[in-house]
Structures are given as structure tokens and as C-alpha cells.
Engineer: 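I have a structure I would like to understand better, so I am pasting it below and will then ask my questions one at a time.
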Amino acid sequence: MALCGGVGAMALPSELIVHVFSFLSDRDKLRASAVCSRWRECLFYPALWTRLKLRIGGGCTGGGCGSEATPRLEFLMRKFGSFVRELRLELAPVDGHLGPVDSHLGPANQGAPPGRTDHAAPQRDHAAPLQRDPQSSPRWREATATYLDQVLCVLTCTRNNRNLKELSMYADTCVLQEEGLLDTSYLQHIHHGDKKVKEIQQLFIELLSNSRQLRWLSCGFMLGLVTPCSLASLSNLSAQSLQHLSLLDHQMAPLISPTEVERLAGLCSLALDFSDLTSELCGLLASKQRVPLHRLSLLLNAATLEGTATDDDWKALVRVSANLRVYIMALEVDGGELLRVLKPSLPLERLHLDSYSSAVTDGALELVAQQYHKTLTHLLLLRDDGHYPDLSVNRNEDPLVLLAWRCTHLAVLVIHGYTIWSHNLVAISRLRGSSLRVLAVTEESIDFDPDQWTYVEGDPVHNLVKEVSLGLGRVWHPSLDPNLVLPEPTQHFHREMHAFSTGM
């Protein structure tokens, strides 16, 4: 930077330096702080750090346990935890990886993309039991202990922050749940594990009670953080200002009670386990004394559906919340359960069907096409056992083609683990054209009918790519975007829910 009289950049007023640095990313700000003491002083002005988005890498497969990131996390939290306004934190799973976000504080292997061939198909965390003895592994204990220390660090530095407006935390601890390691007996293998969990819960309660203007509260699968009593500690001021709430955990007990929802009259976006959406809760959300609900994200596991919202409950809710749209991710749910869940009055916009062994039926897809042809924009159909069932068997028309024809607003279609015939893929591309922004199909899911290509010259794959590209009006190739479908379903739900809710 050249200035009059040969004066260097160091002569600029601090306010101007801070303004220039406000255009840098968080990563570049930290790098710039190492240039000189003056820049370091300017770069840690509170005005430059109102928003933090952090990914803490780690896990037990290749990247260490993330303990090397702890000092950097502690530094950032000590500097900014007391006044940061928006904090988004993703903790790398104990066994696995996180996809890319804005900033990171540790190693994170990207792994293989979700598209897989039959001979190399790594199973995702919800798929099949893992062959190991975690309680006897020092690496597991170290990873879990590091996770607890990092959560303690974040909550200790933010518990008195009255300016906090957005708090979003996610950790993939599903693998611990599958191995039965979320109980007290496992925490006894961690140094002060049980004590640290109690301290984490207490700090979280203090953070909620001290908050004054929370608008966004999201906690997904954070080991030992949220209890059924946590939400009761939310201050009255934050209860009035809160617009989005998402509490998801591995616990069987509901984390969001109707009594607490009644306090949160300003909620316009909500994410919870499907089994927690009872008739009572749905009735409260349908009250005319509340702000209309705009976004509802539901995570459906193979759990009991007893007492969940009926079609009459959905009708009452939609009457009050006319612009309501719903996102459902169903994990390992069979066709019968899905038919019980998909009520006619449910305003479904996004549907993600993900399983290892359970298969979606053609009848379920036909129901989706009939009931949600006016609202459905996203359909993700994923299966992981390598058998590739054909949904068009004994049918004149492929159910996915019929769905693409009926659902005129369909913008995203992702298919993996089911057979889709090449001529049907061409038909889908022609029906929806350029309005189908994402058509992601793994190559191993595509099959070719010899009768359809008998009189076509050249390579069938090349011809398919050409025909689908013409239908969509852009270049297309069979693939699966790893940023669209992540290897870990709950992580994908957390991120998709965030994008879905912020798009109101």
C-alpha cells in the first residue's frame, strides 16, 4: 500500500485497518494476526468476530483424536466467546469425518464419495455393526475425552454471553450409540467422564438462562449436552425472541415438551424427532395465538409411531400455518411405516429415504407422487446394501418417471442403491428439463435394456449422457455429489435442516 510521503501502512488509523480486515475470511484473519503486533491487536477487535463457524477435526481413523485442535479452540473461545453473536460448531465424529465448512481447526479426512461400486462399498455409520471393542481401545477413550474437554471449553467461555443470537452445535456420536457407549458404564472408562458430562449439562443450563436475545438454538447429537429439562432454563427474553429450535439426541425421552413449546410463541422453524411430534404438540403449534410455523424438519427412525400427529392434526396446523413446508429424513424405515407417516395433509417439500436393508416400495413412491405433487421439490432415495432393487418390476410405468411427471416443482432428485433403467432416466430429464437443478445418479444404479439400445449406434453410456444432457439443457454425467449426500445421514440432516430453515 503506497501512501503520501512514503508513510507505511502502519501509520493508518486502527479503525481503517479494522475495516479493511473485515473483508477477510476467519482463516485469513488468523493468518494475518501473525504478521505483526499491530495487526494482531487490530484483528482481535470484537467487531471483526461477531460470527464464528468452526469445524474441529478428529476421530479414531487416521486423523488422531483432535486434541491438537484444543489449544486453538481455547484461544478463540477465550478471545471471542463472551461477545460472539453467532457460533456454529461442528465436532468431527469419534469415528469418521466431517465434510467441509467455512473454517476448521484440525485434520479431517474427506473419505470416499458416497457413490460406490459393488466391490468397494464402505458402510455408513447407521448401516451395520462395527467390529471393534471400543472400551478396550485407548484411542476411543482419548477421542471421547477430547470431545468432552472441547465442549467444556466452548460452554465455559460462552455461558455468560448475553449477546449470543445464534448457537448451532453438532457432533456425530451415532457410532457411540450403536455400540452402547452413551451410558454411565462407558463414561467410567474416561477420566472424570461422568463428572464432565454433568458439568457440561450445568454449563448449558447457565448459557440458556443467561441468554437475552437468542434467535436460533440448534443442538444435534451432542453427547451428554441436552436433557429433557434443559429447555426449561431458557430465559423469558430468549423464549420471546427464539425463532428456530432444534434439539436432537439419542435419548428415548422427548427433549422438547409441549409445556416449553407453549412458551416459545415466536417459533417459525422447528426440528425434532418424528416420534416427538405428538397430537398434543401439533395442537399447540396450531394455536392462533402463535406466530405461524414456516419450516418443520423431522427425523424419522424405526421408532414407535404411537400418539404421533394424525391427518386431522396436520389439517389444523396447515389452516393456521398456510406457508408451512416439511422436510423428512427417514432412516431404516420400511414401506409400511412410511405409509403410516405420510398423511395426505402433510405439506411435504423434501423427502430423504435412507436405509441399509429396508427398501422403499413402488406403492410408497406412487403415494408420494399423488399426495405431494404440488409441494415436493427434493427427493433423495438411498440404499446401501448393494442389491439394487428394481422399483419398476411388473409395472407399465416406472414410479420415478410418474413422480417426475406429477411433481411439477421437483428440483432435486438423488438416486443410489436402486436400479433405474437408462430410458427412464432420459424420460425424467425430458419431463423436468432445466427445472431439475440436481439429477444425481450413481453409475452403478443405472442399467441398460438391450431392447431399447439395439438400434442405437455407439456406446450406450455415451448415448445416455448425451440424451440426458439434452433433456436437462446442460452437461450431465452419472455421479453423486459428495456435498449433496454425506456419508453420515445425521450430519446431512443437520446441514440440510439448517439450509431449509434459513431459506424461509
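Not measured: the values here are computed from a predicted model.
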Engineer: Ring-plane angle category for Tyr388 and His416, please: parallel below 30°, perpendicular beyond 60°, tilted otherwise.
Structural biologist: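 Rings of Tyr388 and His416: perpendicular, over 60°.
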
Engineer: Could you check whether atom CH2 of Trp405 has more than 12 heavy atoms from other residues, nucleotides or ligands sitting under 6.0 Å from it?
Structural biologist: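 No, the 6.0 Å shell around CH2 holds no more than 12 heavy atoms from other groups.
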
Engineer: Please confirm whether His378 and His352 have ring centers closer than 6.0 angstrom.
Structural biologist: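 No; His352 has its ring centre 6.0 Å or more from that of His378.
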
Engineer: As an exercise, state the distance from OG of Ser287 to CG of Leu317, rounded to the nearest 0.5 Å.
Structural biologist: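 One finds 11.0 Å between OG of Ser287 and CG of Leu317.
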
Engineer: Can you find a side-chain donor-acceptor pair between Ser358 and Glu332 that sits under 3.5 Å?
Structural biologist: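 Short answer, yes.
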
Engineer: Is a side-chain N or O of Arg263 found less than 3.5 angstrom from the main chain of Ala239, in a donor-acceptor match?
Structural biologist: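 No, the answer is negative, given that no donor and acceptor are paired below the 3.5 Å cut-off.
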
Engineer: Given 3.5 Å as the limit, does a donor-acceptor pair link the side chain of Asn424 with the main chain of Ile420, or not?
Structural biologist: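 No, because the side chain of Asn424 does not come within donor-acceptor range (under 3.5 Å) of the backbone of Ile420.
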
Engineer: Are His498 and Trp216 close enough that their ring centers fall under 6.0 Å?
Structural biologist: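 Yes, close enough.
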
Engineer: Please report the C-alpha distance between Asp149 and Lys196 in whole Å, then the side-chain angles of each, then the deciding distance to 0.1 Å, and finally whether the salt bridge (charged side-chain N to carboxylate O under 4.0 Å, His left out) criterion is met.
Structural biologist: CA-CA 8 Å; Asp149 290 338; Lys196 288 180 179 179; 2.8 Å; yes

Engineer: Ignoring hydrogens and angles, tell me if any N or O in the side chain of Ser445 forms a donor-acceptor pair with the backbone of Gly417 under 3.5 Å.
Structural biologist: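 Flag set: sc Ser445 to bb Gly417 pair under 3.5 Å.
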
Engineer: To the nearest 0.5 angstrom, please state how far the CG atom of Leu298 sits from the CG atom of Leu248.
Structural biologist: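 Answer for the CG-CG pair, Leu298 versus Leu248, is 9.5 Å.
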
Engineer: For the pair Asp447 and Thr419, evaluate side chain to side chain donor-acceptor pair (under 3.5 Å) and give the outcome as yes or no after the intermediate values.
Structural biologist: CA-CA 7 Å; Asp447 207 346; Thr419 295; 5.4 Å; no

Engineer: From Leu155 CG over to Gln202 CD, what is the distance, rounded to the nearest 0.5 angstrom?
Structural biologist: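 Reported value, rounded in 0.5 Å steps: 11.0 Å.
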
Engineer: Counting neighbours of CZ on Arg51 that are heavy atoms of other residues, nucleotides or ligands and sit closer than 6.0 Å, is the number greater than 12?
Structural biologist: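 No, not enclosed.
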
Engineer: List the atom of Leu225, the atom of Ser230, and the distance in Å for their closest heavy-atom pair.
Structural biologist: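 The pair with the smallest heavy-atom distance is O-OG, 4.1 Å.
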
Engineer: Salt bridge check, Arg350 against Glu496: does any charged N sit closer than 4.0 Å to a carboxylate O?
Structural biologist: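 Salt bridge present between Glu496 and Arg350.
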
Engineer: Where is the tightest heavy-atom contact between Val360 and Leu391, given as atom of each residue plus distance?
Structural biologist: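 Heavy atoms of Val360 and Leu391 come nearest at O-CD2, 3.1 Å.
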
Engineer: With a cut-off of 6.0 Å (strictly less than), are more than 12 heavy atoms of other residues, nucleotides or ligands near CD of Glu262?
Structural biologist: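 It does not: Glu262 CD has 12 such atoms or fewer within range.
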
Engineer: Taking atom CD of Glu443 as the centre, does the number of heavy atoms from other residues, nucleotides or ligands within less than 6.0 Å exceed 12?
Structural biologist: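 No, CD of Glu443 has 12 or fewer neighbouring heavy atoms, counting only those of other groups under 6.0 Å.
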
Engineer: Below 4.0 angstrom, N of the basic side chain to O of the carboxylate: do Glu90 and Arg495 qualify?
Structural biologist: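 Answer for the salt bridge query: yes.
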
Engineer: For Asp311, check side chain to side chain contact (heavy atoms under 4.5 Å, CB included) against everything at least two apart and list the hits.
Structural biologist: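 Only Lys315, Lys343, Pro344, Ser345 meet the side chain to side chain contact (heavy atoms under 4.5 Å, CB included) criterion with Asp311.
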
Engineer: Taking atom types as modelled, find out whether Asn161 and Arg85 have a side-chain donor-acceptor pair closer than 3.5 angstrom.
Structural biologist: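 Side chains of Asn161 and Arg85: no pair found under 3.5 Å.
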
Engineer: Between CG of Leu472 and OG of Ser434, what distance do you get to the nearest 0.5 Å?
Structural biologist: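 Separation between the atoms: 8.5 Å.
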
Engineer: What's the verdict on side chain to side chain donor-acceptor pair (under 3.5 Å) for Thr310 and Asp312, showing C-alpha distance, side-chain angles and the deciding distance?
Structural biologist: CA-CA 5 Å; Thr310 64; Asp312 289 337; 5.0 Å; no

Engineer: If every non-hydrogen atom of Ser238 is compared with every non-hydrogen atom of Leu214, which pair is closest and at what distance?
Structural biologist: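 Reported closest heavy-atom pair: OG-N, 3.3 Å.
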
Engineer: How far does CG of Leu89 sit from CD1 of Ile56, to the nearest 0.5 angstrom?
Structural biologist: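 That separation rounds to 5.0 Å.
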
Engineer: Of all the heavy-atom pairs spanning Pro489 and Leu331, show the shortest one and how long it is.
Structural biologist: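 Nearest heavy atoms, Pro489 then Leu331: CB-CD2, 3.6 Å.
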
Engineer: How long is the straight-line distance from CG of Leu217 back to CG of Leu247, given to the nearest 0.5 Å?
Structural biologist: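 Rounded to the nearest 0.5 Å, the CG-CG separation comes out at 5.5 Å.
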
Engineer: Please answer whether the main-chain N or O of Glu349 pairs with a side-chain N or O of Thr377 as donor and acceptor at a distance below 3.5 Å.
Structural biologist: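 Judged by distance alone, yes, a pair lies under 3.5 Å.
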
Engineer: For Arg340 and Glu337, what are the C-alpha separation, side-chain angles and deciding distance, and is it a salt bridge (charged side-chain N to carboxylate O under 4.0 Å, His left out)?
Structural biologist: CA-CA 5 Å; Arg340 293 175 58 194; Glu337 290 177 319; 5.8 Å; no

Engineer: Would you say the side chains of Tyr170 and Ser218 form a donor-acceptor pair under 3.5 Å?
Structural biologist: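 Distance-only check fails for Tyr170 and Ser218.
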
